[in-house]
Enquirer: 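Structure in structure tokens, see below.
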Amino acid sequence: MKLSTKTSFNLNQIKVSLSKGLPYIEFHTEYSDFQKDIDFQKIRDLLDENNVSCLTVHSPITDNSNNFDTISLGTLYKENRRNNIELYKKCIIAANILSSSSNPVVVAHIGTGYNLNDSTLNNLSEEDIQKILNEAKDDLTEINSYIDENYPGTIFAVENMPHFSYNSKGDMFGWYFGTGHDLPIFIEQLDLPNIKTCLDICHIQMSIAIDNLSNPYKNNTVTDYIKSYANSIGLVHLNKAVGLGERQLTHSQPYDPNNEEDLNILSEIISCFYENNYSCPITLEINDTDYSKQLNTDLMIQSLVKVYKLNKEPSLYRTLTNRNIINIKK
């Protein structure tokens, strides 16, 4: 089991992530990161010195402009589409400089997000959505060819999205597509060898919570989603939603090592990964209020240690003991 922590390109944050003891890192990027001259080779040298590899680069989700559209595959703002594709290519280049893996992963989002406060975007037709998805297919086909020609082995993973969430400005976003079992079907039908899915557990839990509110008899489960993504999976974001999970302090949270229910849920999720032959990397994609300490990441690692002690999963055991985490993270 390849477990990563998440960090930005900030050198101090990288060093904090390195101190957590896990052998891999996922870099979360901002649009501005690709507007300045970041020395990716210097970061790679730091990782190599600490026997840590970058497995994943998460592409930016917004350009921080006044546009409500997200950086995505297919887009509501047509003038942004070419720029988005070129940005993804920059992420692929960065991943291959930063990573010592032969199969680095780049994460992206599907382009059906909209601002719930903007009436002009709040009533897209079925034809509008299908047009965006057709554009996304074309974008992914271009990206797949770019990988084949330049960086063979790279995985481009499209992430499932929540029904809605808030951004840092307080705007409420929703997604028309990619919140349920539709995304893996979409990716599988493309049949492109370098294009996979990224399964975010927090986003699943958010979708299930919304579904249960609208239809309490629907009874979707996290394990249902894990099974449906099994044939397309390229990466997992392992985390938790608290309640509806729509805000920073309830989104991408750790499982509590002192909460028996949390440990049972986490244990069930990890067991389901094994049962469905998940061999992809797993990122502990955890939000922290202070990324100079990343205390929530510590809690998540402690929970994994307790789950290991419950289940004795051999791959999890190797990851934890090879890095001495079982001895360090009491």
Side-chain angles (χ1 to χ4, degrees), residues 2-65 70-73 80 82-109 142-143 145-157 159 168 194 198 234-235 237 252 280-298 323:
K2 294 182 177 180
L3 293 175
S4 300
T5 55
K6 81 166 191 179
T7 189
S8 69
F9 288 138
N10 178 286
L11 284 176
N12 289 331
Q13 287 187 23
I14 293 171
K15 290 174 182 177
V16 173
S17 290
L18 293 173
S19 73
K20 302 304 175 184
L22 291 181
Y24 303 104
I25 276 180
E26 174 174 320
F27 284 103
H28 280 231
T29 65
E30 301 287 344
Y31 183 78
S32 59
D33 290 333
F34 297 95
Q35 310 305 307
K36 53 192 177 186
D37 188 20
I38 292 179
D39 190 341
F40 294 122
Q41 187 59 53
K42 181 179 179 180
I43 296 173
R44 166 67 185 273
D45 292 342
L46 176 62
L47 299 183
D48 288 347
E49 289 168 10
N50 287 272
N51 194 27
V52 170
S53 178
C54 160
L55 279 186
T56 308
V57 170
H58 197 307
S59 64
I61 189 170
T62 178
D63 64 4
N64 296 320
S65 71
T70 57
I71 295 172
S72 54
L73 299 148
N80 293 345
R82 188 70 244 166
N83 289 337
N84 291 351
I85 295 173
E86 294 306 314
L87 180 60
Y88 290 138
K89 291 179 180 179
K90 290 179 182 179
C91 291
I92 292 168
I93 294 169
N96 279 274
I97 297 171
L98 290 164
S99 182
S100 57
S101 168
S102 58
N103 303 108
V105 181
V106 172
V107 179
H109 299 134
E142 178 177 343
I143 290 167
S145 297
Y146 177 79
I147 290 172
D148 274 343
E149 293 170 8
N150 298 280
Y151 300 99
T154 303
I155 299 299
F156 195 83
E159 183 174 358
S168 59
N194 306 306
C198 169
L235 179 74
H237 284 161
S252 292
C280 64
I282 297 174
T283 300
L284 310 185
E285 196 200 36
I286 305 298
N287 281 342
D288 263 289
T289 53
D290 184 353
Y291 285 96
S292 69
K293 297 178 181 177
Q294 299 178 28
L295 299 180
N296 278 348
T297 299
D298 285 338
R323 307 296 291 198

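These figures come from a predicted structure and were not determined experimentally. Because only heavy atoms are used, hydrogens play no part in the values below, and waters and symmetry mates are left out as well, while side chains stay in.
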Enquirer: If you round to the nearest 0.5 Å, how far is CD1 of Ile93 from CG of Asn150?
Expert: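 Here the rounded value is 7.5 Å.
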Enquirer: Side chains of Leu235 and Thr283: does their closest heavy-atom pair fall under 4.5 Å?
Expert: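 Yes, close enough: below the 4.5 Å cut-off.
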Enquirer: For Pro104 and Asn96, which heavy atoms make the closest approach, and how far apart are they?
Expert: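 Scanning both residues, the minimum pair turns out to be CG-OD1, 3.7 Å.
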Enquirer: Are the side chain of Ser59 and the backbone of Val107 linked by a donor-acceptor contact shorter than 3.5 Å?
Expert: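 Flag set: sc Ser59 to bb Val107 pair under 3.5 Å.
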Enquirer: Please report the C-alpha distance between Glu285 and His28 in whole Å, then the side-chain angles of each, then the deciding distance to 0.1 Å, and finally whether the side chain to side chain contact (heavy atoms under 4.5 Å, CB included) criterion is met.
Expert: CA-CA 10 Å; Glu285 196 200 36; His28 280 231; 2.8 Å; yes
Enquirer: Would a distance-only check, ignoring hydrogens and angles, find a side-chain to backbone donor-acceptor pair under 3.5 Å from Ser99 to Cys54?
Expert: yes
Enquirer: Taking all non-hydrogen atoms of both residues into account, name the closest pair between Ile97 and Arg44 and its distance.
Expert: O-NH1, 3.0 Å
Enquirer: Nearest heavy-atom pair of Leu73 and Ala108: which atoms, and what distance?
Expert: CD1-CB, 4.1 Å
Enquirer: To the nearest 0.5 Å, tell me how far Ser252 OG sits from Asp288 CG.
Expert: 10.5 Å
Enquirer: Ignoring hydrogens, what is the shortest heavy-atom contact between Leu22 and Leu3? Give both atom names and the distance.
Expert: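 That closest heavy-atom pairing would be CB-O, 3.8 Å.
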Enquirer: Drop me the distance from Ile282's CD1 to Leu55's CG, to the nearest 0.5 angstrom.
Expert: 11.0 Å
Enquirer: Any chance you could measure Ser19, atom OG, to Asn50, atom CG, to the nearest 0.5 Å?
Expert: 10.0 Å
Enquirer: May I ask you to decide if Asn103's main-chain N or O and Ser101's side chain share a donor-acceptor pair within less than 3.5 Å?
Expert: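 Yes, the answer is positive, given that a donor and an acceptor are paired below the 3.5 Å cut-off.
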Enquirer: First locate atom CD1 of Ile147, then atom CD1 of Ile92, and finally report the distance between them rounded to the nearest 0.5 Å.
Expert: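 Here the interatomic distance stands at 4.0 Å.
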Enquirer: Angle class for the Phe34/Phe40 ring planes (parallel below 30°, perpendicular above 60°, tilted otherwise)?
Expert: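 Ring orientation, 0 to 90° scale: tilted.
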Enquirer: Any side-chain heavy atom of His109 within less than 4.5 Å of one from Ile61?
Expert: yes
Enquirer: Can Gln41 and Asp45 be counted as having a side-chain donor-acceptor contact under 3.5 angstrom?
Expert: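 The answer is yes; a qualifying pair exists.
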Enquirer: Taking Glu30's backbone N and O only, do any of them form a donor-acceptor pair with Asp33's side chain (distance below 3.5 Å, no angle check)?
Expert: yes
Enquirer: Compare every heavy atom of Tyr31 with every heavy atom of Thr62, then report the nearest pair and how far apart it is.
Expert: O-CB, 3.5 Å
Enquirer: Dump the intermediate steps for side chain to side chain contact (heavy atoms under 4.5 Å, CB included) on Leu98 and Ile25, then the final yes or no.
Expert: CA-CA 10 Å; Leu98 290 164; Ile25 276 180; over 6 Å; no
Enquirer: To check you understand the geometry: which heavy-atom pair defines the closest contact between Ile14 and Ser8, and what is its length?
Expert: CG1-O, 3.4 Å
Enquirer: Has the side chain of Asn296 got a donor or acceptor atom that lies under 3.5 Å from a matching backbone atom of Asn287?
Expert: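 Yes, Asn296 side chain to Asn287 backbone: donor-acceptor pair under 3.5 Å.
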Enquirer: Between the side chains of Glu86 and Lys90, is the shortest nitrogen-to-carboxylate-oxygen separation below 4.0 Å, so that they form an ion pair?
Expert: no
Enquirer: Regarding Lys89 and the six-membered ring of Tyr146, is the cationic atom NZ or CZ under 6.0 Å from the ring centre and inside 45° of its axis?
Expert: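 The answer is yes, since Lys89 meets both limits relative to Tyr146.
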Enquirer: If we only count heavy atoms from C-beta on, is the Leu46 to Leu11 side-chain gap below 4.5 Å?
Expert: yes
Enquirer: Applying side chain to side chain contact (heavy atoms under 4.5 Å, CB included), run through Asn10 and Tyr291 and close with a yes or a no.
Expert: CA-CA 10 Å; Asn10 178 286; Tyr291 285 96; over 6 Å; no
Enquirer: If only atom types and distance count, is the side chain of Thr29 paired as donor or acceptor with the main-chain N or O of His58 below 3.5 Å?
Expert: yes
Enquirer: Please lay out, stage by stage, how Tyr88 and Ile71 fare under the test side chain to side chain contact (heavy atoms under 4.5 Å, CB included).
Expert: CA-CA 9 Å; Tyr88 290 138; Ile71 295 172; 4.0 Å; yes
Enquirer: Measure the OG1-CD distance between Thr5 and Gln294 for me, rounded to the nearest 0.5 Å.
Expert: 6.5 Å
Enquirer: Check whether any side-chain heavy atom of Phe27 lies under 4.5 Å from a side-chain heavy atom of Thr56, and answer yes or no.
Expert: no
Enquirer: Exactly one of Pro281, Ser100, Ser4 should register a side chain to side chain contact (heavy atoms under 4.5 Å, CB included) with Tyr24. Which one does?
Expert: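 Exactly one option meets the side chain to side chain contact (heavy atoms under 4.5 Å, CB included) with Tyr24, and it is Ser4.
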Enquirer: Would you call Asp298 and Lys20 a side-chain contact if the rule is heavy atoms closer than 4.5 Å?
Expert: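 They are in side-chain contact.
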